There are 2 protein chains.
Amino acid sequence: MTETAPRPTLEAVAARAGVSRATVSRVVNGGDGVRGPLVERVRRAVEELGYVPNQAARSLVTKRHDAVAVVVAEPETRVFADPFFALQLRGISKELTAHDSQLVLLLTEGRADHARVGRYLAGGHVDGALVFSLHLDDPLPELVQRAGVPTVFGGRPGWGEGTRSAVYVDSDNRGGARDAVRHLVGLGRRRIAHITGALDQTSAVDRLDGFRDVMVDAAPGLIAEGDFTPAGGERAMGELLERCPDLDAVFAANDLTASGALRVLRAQGRRVPEDVAVIGFDDMLPVAEQTDPPLTTVRQDIEEMGRLMARLLLRGLRGRGGEPGVGGTPSSVVLPTTLVRRASA
Amino acid sequence: MTETAPRPTLEAVAARAGVSRATVSRVVNGGDGVRGPLVERVRRAVEELGYVPNQAARSLVTKRHDAVAVVVAEPETRVFADPFFALQLRGISKELTAHDSQLVLLLTEGRADHARVGRYLAGGHVDGALVFSLHLDDPLPELVQRAGVPTVFGGRPGWGEGTRSAVYVDSDNRGGARDAVRHLVGLGRRRIAHITGALDQTSAVDRLDGFRDVMVDAAPGLIAEGDFTPAGGERAMGELLERCPDLDAVFAANDLTASGALRVLRAQGRRVPEDVAVIGFDDMLPVAEQTDPPLTTVRQDIEEMGRLMARLLLRGLRGRGGEPGVGGTPSSVVLPTTLVRRASA
DNA sequence: GTGAAAGCGCTAACAT
DNA sequence: ATGTTAGCGCTTTCAC
């Protein structure tokens with residue numbers, strides 16, 4: 001804990017450079033209509049004084065904040081079960097940094113927090129918001145809509161009232177699931193089971209839909225509900241084995257689920273992939289590479305999703321106020337997935 | 001993406017309530033020297049207009065920001081390997097929220113980012129900073145020191161120049177390690193090995209020191225260097241087994257390392273805990289509970305560490321400016337650890 | 001191309 | 001107890 005020194009103002013720089021505040025301001029903001037030598041003089045003064053613009057004063061007049069809120073409803077997601085969250089954040093952070101925007105993190109855990117977040121967003125402290133709302137009945141999308149803050153969602157939001165027009169970034173969960181199941185089919189497997197994710201999240205629903213796209217006539221017994229956790233995977237795998245002892249493949253909604261399933265299969269003496277082929281989703285390295293055997297899985301580029309969310313938001317921000325439509329109102333993006341073959345299928 | 005409406009100002013509220021701006025300001029900030037009925041009238045006006053104070057305008061005059069920066073040097077830490085990061089953030093977030101402070105997240109990946117962070121902190125955008133700097137030679141502590149921002153570190157920082165007086169929150173890594181090894185000794189084990197963490201982080205060094213405290217005469221061959229990852233754990237375990245085939249216990253620097261070690265032990269046909277007892281550190285539930293067998297480990301309360309960091313910082317912030325010493329200059333805190341017994345030792 | 005001046009919305013003396 | 005007023009540090013017309 002150290003004492004904070006008084007910082008130089010525009011005024012000080014102007015005095016030192018022998019120009020007016022206006023000129024300094026111009027230089028600091030790109031130095032457009034200022035002649036070369038003057039720019040140089042001002043730059044030097046800025047340097048010597050260690051001048052840094054006061055963001056509060058600036059925001060007061062520009063009404064911009066160069067800050068974006070990232071809202072994560074965390075008890076509801078698997079945020080702490082795998083590095084998903086951290087990876088998205090990294091992508092977001094990189095993109096925001098490149099545009100000199102700050103990342104304000106808002107973690108929520110319940111209704112009380114929702115009110116707080118709503119107030120904050122409505123309070124106009126940030127230029128926009130990036131919201132992770134993977135729950136079907138999440139109040140967040142509506143709330144954000146009401147706050148009137150430009151927003152991009154991470155993952156397709158559930159269908160609330162005003163959510164139809166929401167801009168979001170998502171992986172092609174359905175297509176990825178189809179690829180996975182087709183791969184299993186190509187391997188000659190016929191009794192293919194699916195362990196779903198938490199079905200109140202669109203990603204889980206979409207992956208299930210993808211499974212059904214390929215296995216149109218799958219026996220209902222071949223589908224067991226999981227929750228994206230290893231424990232859920234274990235439980236579901238147990239059920240599956242009991243109901244359909246003759247299954248020869250499993251598509252798990254994510255890698256964590258798959259890891260749980262693998263454990264149960266091994267415990268029951270089934271060989272993977274000889275007896276049962278297993279395929280996951282995510283390609284979370286720390287998980288997929290460490291299972292026994294290493295996991296074949298559907299890879300999604302999580303960091304890129306984060307980066308894209310930020311990019312979309314910033315582009316939208318630029319589009320407003322200026323000539324409308326120059327930035328253009330961004331529309332949602334669905335990123336492709338790729339199958340990563342390892343040993344389990 | 002929606003349009004943002006013009007927000008009402010203090011002035012508007014004052015007009016509506018038939019009072020002066022000053023009075024509204026007082027009410028909004030707690031309403032101390034204002035009489036009941038007036039407070040009521042102003043409150044109503046605020047309500048009706050949906051007034052929210054403009055933080056930029058406020059900061060401009062108060063020089064406070066109600067915001068704290070959280071700086072994470074992420075390529076350098078195991079941030080993405082386990083939920084450490086997310087848990088600390090959660091603790092921090094909770095505490096900041098309780099004090100109406102915002103969390104500005106700064107992720108860094110290299111020297112260029114350091115400069116940026118330095119500028120941001122020096123720019124006086126936040127009231128203080130929470131810095132995770134677990135690297136021995138990390139430039140961050142010095143940089144923060146120079147920026148003159150009140151700071152609390154997560155984990156004991158390496159000894160740089162001005163780091164002596166740094167305030168930090170850490171777990172009792174050394175004590176926890178001692179407990180772990182003593183537990184092993186209590187189990188009757190005599191050939192106890194240690195797989196270290198990345199030794200450029202103080203936590204790894206401290207745990208190694210704890211190991212040595214108990215195993216004063218341990219053969220050098222019983223210590224292998226890891227890096228806090230499962231892969232590192234595997235490699236180190238392999239070396240250990242080669243050098244000292246007769247070892248009967250392993251203390252791993254963290255749970256991830258232990259999980260790698262377990263895999264190698266199993267692959268080589270050693271039974272755990274019968275032949276070799278294994279103990280980890282962290283008690284990362286998703287890891288420790290899912291290993292086979294479940295991991296005995298040293299628990300540290302990560303979320304509490306985060307919370308404490310924030311609390312310390314805020315307390316320090318309160319102490320400055322007012323009567324000096326009322327908040328008091330906070331000093332570092334080392335949190336106790338507890339041994340959690342599962343099946344592996 | 002450059003400077004002078006008018007605020008942005010708020011708080012904190014100071015007056016009353 | 002309440003109102004008046006002077007800025008906080010910056011951007012941005014508007015003159016020159």
Side-chain angles (χ1 to χ4, degrees), chain A residues 4-43 45-46 49-67 100 122-127 321-322, chain B residues 4-43 45-46 49-67 100 122-127 321-322:
Chain A
T4 145
R7 290 163 350 91
T9 73
L10 249 203
E11 186 83 51
V13 179
R16 174 145 199 145
V19 299
S20 74
R21 278 163 26 197
T23 299
V24 178
S25 175
R26 288 179 188 117
V27 172
V28 168
N29 293 289
D32 271 7
V34 185
R35 266 188 313 218
L38 255 201
V39 172
E40 204 33 59
R41 260 221 325 262
V42 173
R43 287 251 160 81
V46 166
L49 264 39
Y51 169 76
V52 184
N54 179 322
Q55 183 63 38
R58 179 179 277 175
S59 293
L60 189 53
V61 30
T62 61
K63 272 118 172 41
R64 283 182 28 260
H65 307 271
D66 295 321
D100 284 311
H125 301 292
V126 290
D127 302 323
Chain B
T4 142
R7 286 159 359 86
T9 72
L10 249 203
E11 186 82 53
V13 178
R16 173 145 198 145
V19 298
S20 74
R21 278 166 20 201
T23 299
V24 178
S25 176
R26 287 176 188 120
V27 172
V28 168
N29 293 290
D32 271 8
V34 184
R35 263 189 315 214
L38 253 200
V39 172
E40 203 35 56
R41 257 216 333 258
V42 173
R43 287 251 159 81
V46 166
L49 265 39
Y51 169 78
V52 184
N54 179 323
Q55 183 63 38
R58 180 180 279 174
S59 292
L60 189 52
V61 29
T62 60
K63 271 117 169 46
R64 283 181 31 258
H65 307 269
D66 296 321
D100 283 310
H125 301 293
V126 291
D127 302 321

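To find a chain, count down the sequence lines: A is the first, B the second, and so on, and within it residues start at 1. Predicted, not measured: the structure shown is a model, and the values here were computed from it.
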Gln55(B) CD - dC10(C) P separation (whole Å): 11 Å
All side-chain hydrogen bond (donor to acceptor under 3.5 Å, both in side chains) counterparts of Thr62(A), not counting sequence neighbours: none
Donor-acceptor pair, side chain of Arg7(A) and main chain of Gly123(B), under 3.5 angstrom: yes
Backbone N/O of His65(B) and side chain of His125(B): donor-acceptor pair under 3.5 Å: no
Short side-chain N/O contact to dT11(C) OP1/OP2 from Lys63(B), under 4.0 Å: no
Student check: side-chain heavy atoms of Val24(B) and Val19(B) closer than 4.5 Å: yes
For atom NE2 of His125(A) and atom C1' of dC10(C), their distance in whole Å: 13 Å
Distance, rounded to the nearest Å, where Arg7(A) contributes CZ and dC8(D) contributes P: 14 Å
pair Asp66(A)-Asp100(A): side-chain heavy atoms closer than 4.5 Å: no
Interatomic distance, Arg35(B) CZ vs dG3(D) C1' [rounded to whole Å]: 13 Å
Euclidean distance, atom CG of residue Asp32(B) to atom C1' of dA1(D) [Å, nearest integer]: 13 Å
Arg64(B) to Ser59(B) - nearest heavy-atom pair and separation: O-OG, 2.9 Å
Spacing of Glu11(B) atom CD relative to dG3(D) atom C1', expressed in whole Å: 13 Å
Thr23(A) OG1 to Arg35(A) CZ distance, which is reported to the nearest 0.5 Å: 10.5 Å
Closest non-hydrogen atom pair between Ala57(A) and Leu60(B), with its separation: CB-CD1, 3.5 Å
Distance, rounded to the nearest Å, where Leu60(B) contributes CG and dA6(D) contributes P: 17 Å
Validation row: Arg41(B), Leu38(B) side chains within 4.5 angstrom (heavy atoms): yes
Base versus backbone protein contacts along nucleotides 11-16 of chain D [heavy-atom cut-off under 4.0 Å; B, S, -]: BBB---
Angle by which the axis turns from one end of the helix from dG1(C)-dC16(D) to dT16(C)-dA1(D) to the other, five pairs per end, to 10 degrees: 40°
Position toward the 5' end of DNA chain D (nearest nucleotide), Asn54(A) or Ser20(B): Ser20(B)
